[in-house]
Amino acid sequence: MRDKPVEELTEIEASRELRMLAKEIAAHDKRYYTDEAPIVTDADYDLLRRRNEAIEARFPDKVRKDSPSKRVGAPAAISQGFAKIRHAVPMLSLQNAFDDADVTEFETRIRRFLSLDEAEPISLVAEAKIDGLSLSVRYIDGKLERAATRGDGEEGEDVTANVRTIEDIPETLPAGAPAVLEVRGEVYLSHSEFRRINQEREAESAALYVNPRNAASGALRQLDATITASRRLQFFAYSWGELSAPLAETQFEALQRLAEFGFSINPLTDACDGAAGALATYAKIGEARPNLDYDIDGVVYKVDRLDWQDRLGKVSRAPRWATAHKFAAEQAETKLLAIDLQVGRTGAITPVARLKPVFVGGVTVSNATLHNAGEIERKGILIGDTVTIQRAGDVIPQVVGPVMAKRPDDAQAFKFPETCPVCGSEVTRGVDGQDAVARCSGGMVCKAQRLERLKHFVSRNAFDIEGLGGKRVEELIERDLVQSPADFFRLEARVRSGEINPGEWEGWGETSVTNLFAAIEQRRVIGFDRFLFGLGMRQIGETTARLLARHYGDLLNLRTAMDTAAAPESEAYQDLLAIDGIGDGVAADLVAFFHEPQNQEILDALANELTIEPVEAPANVASAISGRTIVFTGGLEAMSRGEAKARAEALGAKVVGSVSKKTDVVVAGTDAGSKAKKAAELGLEIWTEAEWLAVAAGEQSA
Ligand code: IVH
């Protein structure tokens, strides 16, 4: 039918073809934007669009509601997706509490950090945790200016046009609202609207959304705002970003003010007294949950006093003043059909349960994690067993254990292999062979480890190479073009020299290849912390990578230190341990990583391709302690050790746990013992608590 000239199409043929084109183009758009894995060239894609336009021009009354031509500015958007917006204040995530003890611990931590005594009440606000997407809406002089998704917390997508179609979000604010106000909250879909959208999609033979959250995401991230408008998105406000004037003195009052400005505040919100009050509210919200017309996946507790929120600050990307108490996972029973093995980035081999599909926690589950080799043994799970599985929120479904009463006679034990199922290298279980985790010892020789390490390397919080999704990395490995991270940076030269020609590969259109090379080129200059995180070392998350980057300054320094840190008694090893947050386990893994010849080659090759920049010192650099190394010892009266550490770091200092020649300042509180003595012996600067407080309050400058 495609080959028939448009002039010769009958009306029926035209309708049928328009319907197919709409579906096909939408599928290509999804592959391009969401999956980052297009399967047609840009030229072929353009042909489809032009054919669609030509048919519509001849049969104007056959133009469909979901026609690709209705997507305003589609061609520009097609090559760019949504514009990026940097959040003026980062959008944080939350730490989690899973049981009552975690909630009590949350209160204890706050008390300790703020040095509050037991008698001091801590008022909390409990809010339903809405299972949607977080959004930041910026108002200037009372007018909606910009709206952005959370993205990676630092940078989100500009969804302003779509957000203007959401009824719960006012276009203008009443007089009295701060001149600059960023309102944050959750966009969600009601259950009834979710069902309506899926019915509509079923009628159009479009793929169904698995749950309201995915449907809300689909509706918000439409390039065509008219589609967003046709789906009734809703919004609850619960937080804020940049503000030109404070909203109130407490979280509770701040929410009331947002309500006065015209925002919806979740009606289940309640003030409560400490952990005990929080738990009572949790029970109440849990009871209300089955009757709500939207999904909630827990309760968020926030310290009510905003001055306390400020003092508590954040750790990594989550505030210390809030926690999310998740609802217990939903459980179901199903049959364990088989166990497959997956080799991860660091060689850990994860057994994955293949299950008879079962509906639980809002989705159909057919795979669940068994975590590690030890877990199968510990839980005594046999293949053929009926097992209990559970799923909560976004977490991977888990196998809880076997249902013994339903064990069939022919159930069989799973034998963990002694060699890697991917590369055949030896499988090890720690030095004593007793570790719960079984690991492939093949390193980058193992195709699975290589793929995962390379995917991690280009991922968002590491090198963040746009246009290089998992599928593409996989293909580059398949084509034997990338074995080690540095190879990404050599691709363009190989194309230029004519050695390879991506134009010949399906799905690698000229535009996307040009964009990809530009994105790779941009990352030749990279911060030392991102670089370290990108290496994908065991136990080195973003926070630890940042600590290491700050401590060692540059790669050469770090490598030299690791060279001499093999012996635990060496000064280099002790210096590594002195970094607050690095214990023996992490230190040993790090040293092992830098000693491994394969890794040394990877580092040499990367050092040749990249310019690695030292990490920027934290914001308040003009303080008496910025760039200096500080040790707190002895008791502090005015603030807890935790608060002192956080404050010193915010002022640009490096806080370490033990005194050495490299320490600049020792703050000696009451009963400071051996550390103060050592500091005196080394002739270091020693401050009293009062001197520290003066610096902490910013009265002294460098
Ligand atoms: S507060 C600094 N409050 O949960 C404040 N988050 O798991 C950070 N969420 O990214 C968020 N309901 O998308 C907050 N009442 C609520 C919430 C809520 C849902 C989401 C939000 C956040 C995620 C963290």
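Values below: every heavy atom of this structure, side chains too, minus hydrogens, waters and symmetry copies. Read the numbers this way: they start at 1 and go in the same order the structure lists the ligands and their atoms.
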J.: Please write down residue, atom name and distance for the protein heavy atom closest to atom 12 (N) of ligand 1.
T.: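 Of the protein heavy atoms, Ile130 N, 3.0 Å lies nearest.
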J.: Specify the protein heavy atom at minimum distance from atom 17 (C) of ligand 1: its residue, its atom name, and the distance to 0.1 Å.
T.: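 That would be Tyr238 CE2, 3.4 Å.
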J.: Between Lys302, Lys129, Arg317, which one has a non-hydrogen atom sitting closest to atom 3 (N) of ligand 1?
T.: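 Considering heavy atoms of Lys302, Lys129, Arg317, the nearest to atom 3 (N) of ligand 1 sits in Lys302.
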J.: Taking atom CD of Gln256 as the centre, report whether more than 12 heavy atoms of other residues, nucleotides or ligands fall under 6.0 Å from it.
T.: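 Result for CD/Gln256: enclosed.
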J.: For Gly132, state whether at least one heavy atom is located under 4.0 Å from any atom of ligand 1.
T.: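 It does not, in that no heavy atom of Gly132 comes within the 4.0 Å cut-off of ligand 1.
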J.: Can a donor-acceptor pair be found, under 3.5 Å and without considering hydrogens, that links the side chain of Tyr282 to the backbone of Lys326?
T.: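 Checking the backbone N and O of Lys326 against the side chain of Tyr282, a donor-acceptor pair under 3.5 Å is found.
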J.: Hey, which of Phe235, Phe236, Phe194 is the one that makes ring pair (Phe, Tyr, Trp, His ring centres under 6.0 Å) with Tyr188?
T.: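 Going through the options one by one, the only one that passes is Phe236.
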J.: Can you list the ligand 1 atoms lying under 4.0 Å from a non-hydrogen atom of Ala128?
T.: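 The list of qualifying atoms is 12 (N), 15 (N).
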J.: Of all the atoms in ligand 1, which lie at a distance below 4.0 Å from a heavy atom belonging to Pro319?
T.: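 Listed by number with element, the hits are 2 (C).
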J.: Should the pair Asp295-Arg289 be classified as a salt bridge under the 4.0 Å nitrogen-to-oxygen rule?
T.: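 Salt bridge flag = no for Arg289 with Asp295.
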J.: Taking only Lys NZ, Arg NE, NH1 and NH2, and the carboxylate oxygens of Asp or Glu, determine whether Glu466 and Arg460 approach each other closer than 4.0 Å.
T.: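 No salt bridge links Glu466 with Arg460.
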J.: Check Lys455 with Glu452, please: is the shortest side-chain N to carboxylate O separation under 4.0 Å?
T.: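 Here Glu452 pairs with Lys455 in a salt bridge, since their nearest N and O are under 4.0 Å apart.
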J.: Strictly under 4.0 Å, does any heavy atom of Trp321 approach an atom of ligand 1?
T.: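 Yes, Trp321 has heavy atoms under 4.0 Å from ligand 1.
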J.: Just checking, Arg201 and Tyr209: is the charged tip under 6.0 Å from the six-membered ring centre and within 45° of the axis?
T.: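 Verdict for Tyr209: a cation-pi partner in Arg201.
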J.: Just to verify, what does Glu182 make a salt bridge (Lys or Arg N to Asp or Glu O under 4.0 Å) with, not counting sequence neighbours?
T.: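 Checked Glu182 against salt bridge (Lys or Arg N to Asp or Glu O under 4.0 Å); matches are Arg138, Arg184.
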J.: Identify the closest protein heavy atom to atom 10 (O) of ligand 1: which residue and atom is it, and at what distance?
T.: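 Nearest neighbour among protein heavy atoms for atom 10 (O) of ligand 1, to 0.1 Å: Ser134 OG, 3.7 Å.
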J.: Which residue holds the protein heavy atom closest to atom 15 (N) of ligand 1, what is that atom called, and what is the gap in Å?
T.: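 Checked against all protein heavy atoms, atom 15 (N) of ligand 1 sits closest to Glu127 OE1, 2.8 Å.
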J.: Work out whether the distance between some heavy atom of Ala324 and some atom of ligand 1 is less than 4.0 Å.
T.: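 In this structure, Ala324 fails to qualify as a contact of ligand 1 - no heavy atom is under 4.0 Å.
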J.: Among all protein heavy atoms, pick the one closest to atom 8 (C) of ligand 1 and tell me residue, atom and distance.
T.: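 It is Leu92 O, 3.8 Å.
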J.: Which part of Ala318 is near ligand 1, with near meaning a heavy atom under 4.0 Å away: side chain, backbone, both or neither?
T.: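 No part of Ala318 is near ligand 1 at this cut-off.
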J.: To which protein heavy atom is atom 13 (O) of ligand 1 closest, and what is the distance rounded to 0.1 Å?
T.: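 I find the closest protein heavy atom is Glu186 OE1, 2.7 Å.
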